[in-house]
Amino acid sequence: MLLRVIHLFIALLFSPTLFSQNAGGWENAFRQWMDEEDIETTSIEEVYDILSVYADNPLNLNQATREELEQLPFLTPQQVEQLLAYVDRYGPMRSMGELQMLTALDAERRQLLRYFTYLGEAKPRDSRLRLDSAFLHGNHQLMLTGKIPLYERRGFHDGYLGSRYRHSMRYQLNYHDRVKWGVTGANDAGEPFLSGRNKTGYDHYSYYLQLKELGMTENLCLGMYRVQMGMGLLMNGGFYLGKLAILQSMGRSGVTLRPHSSRSTQGYLQGVAATFRLHRNWQLTAFASYRPLDATLNKDSTARTLLTSSYHRTKTEMGKKNNTHETDLGGSIGWRKGTLYAHANILYTHFDRTLVPQKESMPYRLYAAEGNDFMNMSLDYGYTNARLSFSGETAVNRTGAFAAIHQFNYRVNRYLNALLLHRYYDKRYTAHHAQSFCEGSTIQNEHGAYVGMTWQPSSKFSLNWYADYAHFPYVRYQVSLPSDAFDTMILVRTLLYKGWKLEGRYRLHIRQKDNDDKTWLINRKEHRVRLRLSHETRFGLSLQTQVDGIYVDYHQYDKGWLLSQQAVYQRQWFQCTGSFAYFHTDNYESRLYLYERPMLYEYSSLMLYGKGIRYMLMSRADIGKHLMVTAKIGVTNYFDRSKISSSYQEINGSSMADVDVQIRWKF
């Protein structure tokens with residue numbers, strides 16, 4: 001044990017940067033399903049939180065339910081149905097090799113399943129549940145994470161109420177996936193801790209208790225939780241991973257409840273939610289929530305804007321903390337017979353302050369939500385068989401405006417899949433918790449069609465392609481006329497000689513924006529390319545080299561490129577990760593994104609522009625069966641500026657370095 005500790009600290013200080021990002025880990029494997037510049041930060045943090053939980057507490061594939069399998073976002077409806085049908089027909093799987101018998105599963109998804117599932121004995125579950133047994137015999141985990149900046153921002157001298165350290169605490173209990181209980185506390189840099197309005201400690205807490213399979217009660221959530229209904233036109237407390245991911249997951253629809261365990265302050269509800277099995281074919285979900293929000297107020301104390309940044313670093317930001325409250329009441333009643341289903345959903349929302357958005361000088365906000373009380377209703381429905389799946393949702397709000405989304409997936413043969421998706425969102429449609437497929441930023445004022453295909457003729461080659469067209473009938477931010485957008489991407493992956501993998505992608509994204517005098521629209525054309533080469537050796541070393549490029553045609557021609565090298569070395573209990581990148585872009589318009597392996601339950605995608613280098617080193621040691629220690633240092637050096645950022649975030653220098661430390665104890 002002592003030798004392991006010594007080895008750890010020597011490695012943290014002196015490990016060479018030759019070793020870097022593991023191209024075979026679940027984080028990297030899943031990242032290939034996404035497009036970093038097309039995903040909201042809160043969404044990706046949520047999906048990483050979910051998958052991190054399943055990586056630590058994998059599902060028993062021989063006993064997993066449809067709802068549990070649908071929590072894995074990379075599985076299509078056909079794949080979920082085929083997994084359930086196989087176990088039901090042939091009995092428990094004895095080897096992961098049996099997954100090759102499922103024609104709907106490709107090699108990549110079979111590999112991903114190995115990270116989040118295992119094959120265990122299928123045992124009948126007792127409807128009785130004793131919480132004292134769960135506490136004594138469950139799996140406990142305590143995690144502490146901190147970020148230490150090796151630089152000073154202006155706000156830490158004059159403006160911010162707290163220290164420069166970002167830190168969090170996370171405790172969770174899991175008992176056979178039937179009892180989940182936990183609490184998470186988090187502070188961003190600059191927020192007070194154990195002082196001021198945060199006398200109880202952290203600036204934000206998440207707490208939850210989830211109980212499953214209690215007789216007729218299939219799922220009960222107390223505290224903070226998330227709800228997903230249908231395809232997200234009423235409520236989506238889950239996540240949306242962008243246009244590339246929906247092509248590969250082929251879209252899904254349903255009603256799910258899960259606890260909110262992350263440090264994110266967005267998208268959760270607070271109160272009670274439950275799902276009841278009324279009959280073999282009928283299911284009821286109901287929830288009630290009351291939670292605080294931050295808002296910018298008008299002079300008459302009405303709410304102008306609901307804030308989502310969740311920062312409380314300055315007196316102004318702290319003054320807006322929890323100054324508005326939201327009540328949500330809703331539910332869903334659903335019917336399912338085999339692979340055919342339908343749900344009727346309803347959501348009522350009330351704010352204790354009247355929403356009065358500023359419209360005089362902002363015509364694009366003419367149809368923004370206004371008032372205290374809001375009502376939305378929808379129907380979602382779907383059907384799946386071995387060759388095709390269809391799902392859709394149609395919703396209406398209190399004013400009679402409606403929104404609709406439908407997707408159709410057809411499996412032409414075992415190598416080729418095609419997807420067609422259509423959506424129509426009225427300009428008057430508003431739903432505060434809606435999050436679904438869209439080109440714009442909200443589920444409003446959009447009409448579009450998406451078509452895509454995946455082709456994998458062998459285990460060594462795959463091709464993905466999509467094209468999406470959207471029309472916006474009403475004005476938008478920086479767009480004073482009805483406008484259009486077009487987006488297309490092609491992605492090719494191939495397995496080369498002796499484990500070498502090559503990936504190439506090209507994306508064209510065209511959006512219309514105002515010209516200088518706002519009398520006409522001009523096209524903003526953005527071209528992005530990526531080439532990635534990776535290799536895993538038999539000695540625990542993986543290498544990955546990536547080149548990114550961008551070319552933007554808008555008012556002027558802006559371009560940029562990024563070259564990065566990542567790899568990882570892993571041997572039994574020890575892992576060392578590092579990366580190096582050089583970026584060179586003309587300006588912010590030509591910004592590029594760099595993925596870095598993050599701490600557990602976090603996601604790290606850096607946005608880089610200008611000229612400079614970025615390098616990172618991270619080491620992780622599993623000390624015995626219960627303790628894990630991780631340390632990471634990341635440095636960004638800019639060659640084209642003497643100051644970084646502005647206002648309170650300004651750094652008087654051209655370099656910034658952060659040290660992250662994480663400790664996890666399982667007991």
Side-chain angles (χ1 to χ4, degrees), residues 46 49-50 53-54 57 59 63-71 125-135 138 172-184 206-232 234-239 252-262 267-291 326-336 341-350 375-380 393 432-433:
E46 283 300 317
D49 181 82
I50 292 172
V53 170
Y54 279 120
N57 304 279
L59 291 171
Q63 205 165 7
T65 65
R66 175 182 283 104
E67 290 74 16
E68 290 171 333
L69 291 174
E70 287 178 344
Q71 289 289 306
R125 295 179 177 177
D126 192 346
S127 61
R128 297 170 299 175
L129 184 64
R130 295 184 57 181
L131 293 181
D132 56 345
S133 297
F135 186 81
Q172 58 184 4
L173 161 69
N174 190 314
Y175 178 69
H176 298 311
D177 202 41
R178 293 190 63 193
V179 179
K180 292 182 181 179
W181 176 64
V183 59
T184 300
S206 298
Y207 52 90
Y208 61 90
L209 172 64
Q210 182 184 39
L211 305 175
K212 288 185 176 181
E213 300 179 9
L214 301 175
M216 290 180 58
T217 305
E218 291 191 340
N219 192 353
L220 174 65
C221 290
L222 302 172
M224 296 181 177
Y225 58 91
R226 290 178 174 266
V227 179
Q228 178 172 343
M229 295 194 295
M231 298 185 72
L234 262 65
M235 174 170 285
N236 184 358
F239 41 80
R252 278 201 301 264
S253 176
V255 180
T256 58
L257 300 177
R258 64 178 179 84
H260 172 69
S261 58
S262 77
Y268 72 85
L269 301 179
Q270 182 174 267
V272 59
T275 297
F276 306 96
R277 176 64 63 182
L278 303 179
H279 182 265
R280 182 177 61 181
N281 303 116
W282 289 90
Q283 188 181 73
L284 173 67
T285 297
F287 57 89
S289 168
Y290 180 75
R291 59 157 295 188
E326 173 187 347
T327 300
D328 290 289
L329 301 172
S332 173
I333 184 166
W335 172 85
R336 176 183 286 271
Y341 68 88
H343 301 92
N345 313 302
I346 187 169
L347 174 64
Y348 166 75
T349 300
H350 169 78
M375 178 76 75
N376 296 79
M377 296 177 288
S378 79
L379 289 173
D380 74 274
E393 183 176 15
H432 293 283
H433 297 283

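All figures in this text were calculated on a predicted structure; none of them were measured in a lab.
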- Where is the tightest heavy-atom contact between Ala288 and Leu329, given as atom of each residue plus distance? CB-CD2, 3.6 Å
- Message: Using side-chain heavy atoms (C-beta onward) and a distance below 4.5 Å, is Lys212 in contact with Glu68?
- Response: yes
- Query: Which is it for Asn57 and Asp177 under the side chain to side chain donor-acceptor pair (under 3.5 Å) test, yes or no, and what are the steps along the way?
  - Reply: CA-CA 8 Å; Asn57 304 279; Asp177 202 41; over 6 Å; no
- State the CG-CG distance between Asn376 and Leu234, to the nearest 0.5 angstrom. 5.0 Å
- Item | Heavy-atom side-chain contact between Val272 and Phe287 under 4.5 Å | no
- Considering only heavy atoms from C-beta outward, does the side chain of Asp328 approach that of Glu326 to under 4.5 Å? yes
- Task: Please report the closest heavy-atom contact between Glu393 and Ser378, naming both atoms and the distance.
- Result: OE2-OG, 2.7 Å
- Query: So, Arg226 side chain and Leu269 main chain: donor-acceptor pair closer than 3.5 Å or not?
  - Reply: no
- Message: Could you tell me if the side chain of Thr285 sits less than 4.5 Å from the side chain of Leu257, heavy atoms only?
- Response: yes
- OG (Ser262) and CE (Met224) are apart, to the nearest 0.5 Å, by 10.5 Å
- Task: Specify the closest pair of heavy atoms between Gly334 and His343, including all atoms of both residues, with the distance to one decimal.
- Result: CA-CD2, 3.3 Å
- Query: Looking at CD1 of Ile346 and OG of Ser332, how far apart are the two atoms once the value is rounded to the nearest 0.5 Å?
  - Reply: 10.5 Å
- At their closest point, which heavy atom of Tyr208 faces which heavy atom of Val183, and how far apart are they? CE2-N, 4.4 Å
- Query: Between Tyr348 and His350, how do the two ring planes meet: parallel, tilted or perpendicular, split at 30° and 60°?
  - Reply: parallel
- Message: Given 3.5 Å as the limit, does a donor-acceptor pair link the side chain of His279 with the main chain of Asn281, or not?
- Response: yes
- Message: Quick check: closest heavy atoms across Pro259 and Cys221, and the distance to 0.1 Å?
- Response: N-SG, 4.2 Å
- Item | Donor-acceptor contact present, side-chain Gln270 to main-chain Gly223, <3.5 Å | no
- Message: When you compare the side chain of Arg258 with that of Asn219, does any pair of heavy atoms fall below 4.5 Å?
- Response: no
- Message: Does the Lys NZ or Arg CZ of Lys180 fall within the cation-pi geometry relative to Tyr225 - under 6.0 Å from the ring centre and within 45° of the axis?
- Response: no
- Task: Please determine if Arg277 and Glu218 form a salt bridge, counting it only when a charged side-chain N lies under 4.0 Å from a carboxylate O.
- Result: yes
- Looking only at heavy atoms, what is the nearest atom pair of Arg336 and Tyr341, with distance? NH2-CD2, 3.7 Å
- Query: Is there side-chain contact between Leu214 and Arg178, with heavy atoms separated by less than 4.5 Å?
  - Reply: yes
